[in-house]
Amino acid sequence: MKIRAGVCFAFVVVALLSGARLNAQGAASANARASQAAMDRDLMEVTIPRLEELYRAHKYTVTEVVEWYLARIARYNGIYRAVQTVDAQNALVTAAREDAEAKAGGNGFRRGPMWGVPIMTKANTSIKGLVTTDGWKGYMIPGHELVAPKDATIVAKLRAAGAVILGQTNMPDFAASDTNRSTAFGRTGNAYDVRFSPGGSSGGTVTAVTSNFALLGNGTDTGNSIRMPSATSSVVGVFPTRGLVSITGIAPLDWLLDNTGPIARTVTDATIALDVMAGEDAADAPTADFTAKAQKGPYTQYLKTDALKGKRFGVPAFILAGAGIPFQGIPASATASEVAEDTEDAREPLRPETRAAFMKAIEGLRAAGATVVFDDSILPDSFAVTVGRVATFPYVKEGTEKFLAEYGPAQYHSAEEYAKVIGSPLPPTIIGGADPATRRGRPTIVQESIESDPQAEANFYGPRRKALEAYNETLDRLHLDGFVYPAAQMPPPDETMPQNGKLSEGRTATRDG
């Protein structure tokens with residue numbers, strides 16, 4: 001069969017065009033891969049100062065950066081399960097708005113301290129319009145979800161500084177665990193080895209940061225929940241002075257012990273976030289005298305390589321001896337045998353590997369120019385006993401009631417209303433009452449308001465005042481600037497540190513959840 005020349009020519013042209021199209025597609029694909037590789041290099045483990053440089057150079061838009069993080073979450077969250085709620089729509093809306101503002105502002109545009117920084121918040125931290133699960137499936141019942149009517153104070157501050165909130169991180173129910181498994185979302189793995197836990201209860205935020213799902217996030221701490229998870233993954237967690245950062249809008253585990261602070265990869269990033277989060281809040285009484293008592297900001301001015309030179313720190317003897325502090329303390333109504341039992345149960349000698357790691361950290365402090373003092377008189381076992389009598393459990397329900405009153409959904413604004421709507425009560429963990437796991441057959445501790453309870457002095461204020469006096473006396477006697485503790489141990493009852501390093505009366509007692 002003969003094929004006419006015109007047809008042959010047509011075949012040749014089609015072949016050439018197809019080849020050109022394939023070459024163009026290949027080139028485009030190669031360019032896309034190169035662009036993706038460049039973003040991976042630039043954004044993997046990026047810091048806030050470096051991200052600011054990229055924005056100022058117009059290398060990336062906020063939208064492009066947010067999309068990069070969202071793509072990582074989509075790709076890897078099924079493995080690590082750090083992010084419980086992804087708020088992609090609102091994150092992209094915020095990013096687009098910031099890009100438009102930057103374009104309109106031109107060369108004179110001024111960015112906030114966290115402008116365009118993608119972050120996560122812990123699932124107990126209220127974000128308007130999202131479900132505050134607090135890690136618990138009971139706040140996720142269809143039709144009765146605990147949808148936040150407004151932002152928590154720190155969320156509002158972070159937004160105002162330009163941060164882009166990508167979503168909420170997983171956490172154990174009510175933050176009441178040192179692992180990170182919840183009834184709301186399951187288990188979070190450690191980004192360095194998913195078979196292991198990142199620790200709790202801020203392990204979701206820790207894994208979100210270490211797996212590059214966000215640049216930083218917040219943690220909450222009632223009994224070691226910022227410090228311990230941060231230590232598992234070599235990130236920086238800040239457990240701030242109570243009264244420095246508001247906890248308004250954060251679902252409480254124990255409102256007299258709770259605290260919140262940033263978790264980031266670097267000290268600089270954590271400090272920038274702390275500067276944004278700190279400040280007075282009329283809705284949070286411990287922050288009321290922030291301006292008078294807090295160290296003057298910005299805190300980044302204190303980031304100096306010789307900051308520890310000439311400082312003196314003491315090591316509490318009770319910790320090295322293994323004396324512990326019962327979580328939520330021992331109420332004044334406890335019998336002598338109950339006090340003895342709880343005190344002994346709290347005893348936890350340091351494991352050899354913990355002591356070795358702690359001593360290595362001490363050598364690091366000394367190498368940086370600090371003096372570290374070991375002395376049996378530095379906060380001995382008697383101090384642990386005193387702190388152990390700072391009892392907060394009789395007032396747990398009050399914190400939950402205050403939170404629901406302001407941040408509960410339209411259907412319920414109290415524990416009683418929740419029980420009526422749902423048909424079952426809130427768990428004893430956050431409203432007190434009889435809990436066989438903790439009360440061990442003892443009489444139920446009646447829940448009271450600390451403001452009106454006649455036993456508040458004996459339960460809380462008196463023991464706290466006594467502990468503060470012992471703490472400050474030790475600082476003065478040995479001319480110390482502060483104390484250093486192994487990461488897994490309890491801190492003193494109140495970590496209010498004005499510039500003189502002393503603890504002050506009038507603050508809420510804090511240990512660490």
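Positions are given from 1, in the same order as the sequence printed here.
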**Item:** Gap separating the CG atom of Leu308 from the OG1 atom of Thr305, nearest 0.5 angstrom
**Value:** 10.0 Å
**Message:** For Tyr55, give me all partners under side chain to side chain donor-acceptor pair (under 3.5 Å), at least two apart in sequence or on another chain.
**Reply:** none
**Request:** With sequence neighbours left out, write down each residue that passes ring-ring contact (aromatic ring centres under 6.0 Å, His included) with Tyr76, or none if nothing qualifies.
**Result:** none
**Message:** The criterion is ring-ring contact (aromatic ring centres under 6.0 Å, His included); which residues satisfy it with Tyr69, sequence neighbours excluded?
**Reply:** none
**Prompt:** Looking at residues at least two apart in the chain, or sitting in another chain, which of them share a side chain to side chain donor-acceptor pair (under 3.5 Å) with Thr125?
**Reply:** Asn218
**Request:** Take the angle between the ring planes of Trp136 and Tyr139 and call it parallel below 30°, perpendicular above 60°, tilted in between.
**Result:** perpendicular
**Request:** Can you sort out the partners of Arg75 under side chain to side chain contact (heavy atoms under 4.5 Å, CB included), two or more places apart, ordered by chain and number?
**Result:** Ala71, Arg72
**Item:** All ring-ring contact (aromatic ring centres under 6.0 Å, His included) counterparts of Tyr299, not counting sequence neighbours
**Value:** none
**Request:** Only pairs at least two apart or in different chains count here, so list each salt bridge (charged side-chain N to carboxylate O under 4.0 Å, His left out) that has a residue in residues 260-278.
**Result:** Glu45-Arg265
**Request:** Could you tell me whether the side chains of Ser177 and Thr179 share a donor-acceptor contact shorter than 3.5 Å?
**Result:** yes
**Request:** Begin from the C-alpha positions of Asn170 and Arg81 and carry the test side-chain contact (heavy atoms from CB on, under 4.5 Å) through to its verdict.
**Result:** CA-CA 7 Å; Asn170 189 35; Arg81 296 187 67 76; 5.7 Å; no
**Item:** Which residues share a side chain to side chain contact (heavy atoms under 4.5 Å, CB included) with Pro262, sequence neighbours left out
**Value:** Val238, Ala270, Ala273, Leu274, Met277
**Request:** Apply side chain to side chain donor-acceptor pair (under 3.5 Å) to Asn212 and list each qualifying residue two or more places apart in sequence or on a separate chain.
**Result:** none
**Asked** Considering residues at least two apart in sequence or located in another chain, which fulfil the ring-ring contact (aromatic ring centres under 6.0 Å, His included) criterion with Tyr395?
**Response** none
**Asked** Tell me, which pairs form a salt bridge (charged side-chain N to carboxylate O under 4.0 Å, His left out) where one or both residues lie in residues 168-181, sequence neighbours left out?
**Response** none
**Request:** Using a 4.5 Å cut-off on heavy atoms from C-beta on, say whether the side chain of Ile73 contacts that of Met120.
**Result:** yes
**Partners passing side chain to side chain donor-acceptor pair (under 3.5 Å) against Thr207 (at least two apart in sequence or in another chain)** = none
**Message:** Can you tell me how far apart CG (Asp284) and CH2 (Trp255) are? Round to the nearest 0.5 Å.
**Reply:** 9.5 Å
**Message:** Tell me which one of Leu166, Val164, Leu70, Asp87 satisfies side-chain contact (heavy atoms from CB on, under 4.5 Å) with Leu92.
**Reply:** Leu70
